[in-house]
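Worksheet: one structure, shown below.
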There are 2 protein chains.
Amino acid sequence: MNASLQTHRYLLQFSIKPSVQRTAVMDYLMKNRTHPTIDEIYTALSPSMPTLSKTTVYNTLNLFIERGAVQALVIDEKNARFDVDTSSHAHFICKSCGKVHDIFNLKPELFEIPQHPNFTIHSVEISYSGLCNACKES
Amino acid sequence: MNASLQTHRYLLQFSIKPSVQRTAVMDYLMKNRTHPTIDEIYTALSPSMPTLSKTTVYNTLNLFIERGAVQALVIDEKNARFDVDTSSHAHFICKSCGKVHDIFNLKPELFEIPQHPNFTIHSVEISYSGLCNACKES
DNA sequence: TCCTATTTTATAATGAGTACAAAGATATGA
DNA sequence: TCATATCTTTGTACTCATTATAAAATAGGA
């Protein structure tokens, strides 16, 4: 089974030309649902793609977001984080270690877009914060 | 009526010594519910307090947050924003002009803290995004 | 192959936020 | 009141994420 073939097709759905770099970044996002930062993506891919530039990772993610293939999470004040899962789910950030986790199985009402006279609302982001078990114990 | 007397008392509730600078910053936040950035606060106060340093504005807000007198909003990827209103309400950010607005009168269930086996959740932030009417028309 | 458009890359620049150390203000106690 | 210790403010230098820019590499079509 060729994972990058799937990825290839996924990119084409969003009218993104699947270059080697773009396919690698999308592939990484699909296999690593940890909402990685730019730096994590770059560091992970760099060994197998020695000429990869961090600028390319930035460019690639900006393109993915522009085309709607990836969602940028605004939950971590230090770094942008990215999510390929567009289903209704929330996120949790640990204020100690900074890791971001998914929270599924919340009531669907939470993700409804309210009507408002002054705004045209396109999306909602629900972010919880606190401590993860590992950090709480220490 | 002396507004800064109120502010003074408010700061003491959170064990914050009310210096001139701290009182001015808190006073500004209480009167300007626009979720201002550090720069906006500094620019607004600077004319009447010529020796004010931007570092002081940073220090002051970090102290306010540490003591729970102010909440930092993570909704604008460019700048930190601040809110003195700790009642249950959501925020809307216009992706065009970047202004942040309050959204009140949402169902209280939205702000309930869920139980989760892996996390101890302390707070929730609900952020909507889209276009404000002004930006939509242009 | 040659030409053109697109993509990638390295470097430089921008800008928010923090670290640090000196200067200033405030409180306390003799 | 004065001396001293503590806290607060300030300016400067620094870090680090992100973007701008322009050159180099690549891909695709005639």
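Letters go in sequence order (proteins before strands), and every chain restarts at 1.
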message = Set out, in order, the CA-CA distance, both residues' side-chain angles and the distance that settles side-chain hydrogen bond (donor to acceptor under 3.5 Å, both in side chains) for A:Thr34 and A:Asn32, then state yes or no.
response = CA-CA 5 Å; A:Thr34 55; A:Asn32 299 82; 5.4 Å; no
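Between A:Gln21 and A:Leu45 the shortest side-chain heavy-atom distance does not fall below 4.5 Å. Contact of the B:Ile41 side chain with the B:Leu61 side chain is registered, since non-hydrogen atoms from C-beta on lie closer than 4.5 Å. Inter-residue side-chain proximity for A:His35 and A:Asp102 is flagged as met; some heavy-atom pair is nearer than 4.5 Å. Two residues are said to be in side-chain contact when any heavy atoms from C-beta on lie closer than 4.5 Å; B:Val84 and B:Phe64 fail this criterion. B:Glu112 is not listed as a side-chain neighbour of B:Val124, based on a closest heavy-atom distance of 4.5 Å or more.
Listed by residue number, A:Lys17, A:Ser19 are the residues of residues 13-20 of chain A with a heavy-atom contact under 4.0 Å to DNA chain C. Only B:Thr51, B:Leu52, B:Ser53, B:Thr55, B:Thr56, B:Asn59, listed by number, bring a heavy atom of residues 49-59 of chain B to less than 4.0 angstrom from any atom of DNA chain D. Within residues 64-85 of chain B, no residue approaches DNA chain D, by heavy-atom distance under 4.0 Å.
A:Ile93 belongs to a hydrophobic cluster whose remaining members, ordered by chain and number, are A:Leu73, A:Ile75, A:Val100; membership requires side-chain heavy atoms of ILVMFWY residues under 4.5 Å apart, directly or through intermediates.
Within the 3.5 Å criterion, the main-chain N or O of A:Glu40 finds no donor-acceptor partner in the side chain of A:Thr43.
No continuous path of ILVMFWY side-chain contacts below 4.5 Å connects A:Phe104 to A:Leu29, so the two sit in separate hydrophobic clusters. Both A:Val25 and A:Leu63 belong to a single network of hydrophobic side chains, linked directly or stepwise wherever heavy atoms of I, L, V, M, F, W or Y lie under 4.5 Å apart. By the criterion of side-chain heavy atoms lying less than 4.5 angstrom apart, applied directly or through intervening Ile, Leu, Val, Met, Phe, Trp or Tyr residues, A:Val74 is not grouped with A:Ile103; the two fall into different hydrophobic clusters. A:Ile16 and A:Val20 fall within a single hydrophobic cluster, where Ile, Leu, Val, Met, Phe, Trp and Tyr are joined by side-chain heavy atoms under 4.5 Å apart, directly or via other members.
The footprint of chain B on DNA chain D, defined by a heavy-atom cutoff below 4.0 Å, extends from D:dC7 to D:dT12. Reading DNA chain C from its 5' end, the first and the last nucleotide to sit under 4.0 Å from a heavy atom of chain B are C:dA16 to C:dA19.
Counted by atom type alone, A:His91 and A:Asp83 present one or more donor-acceptor pairs between their side chains at under 3.5 Å.
Between B:His116 and B:Phe119, the ring-plane angle classifies as parallel under the 30° and 60° cut-offs.
Of the residues listed (B:Lys54, B:Arg81, B:Lys78), the one engaging B:Asp39 in a salt bridge (Lys or Arg N to Asp or Glu O under 4.0 Å) is B:Lys54, and it is the only one.
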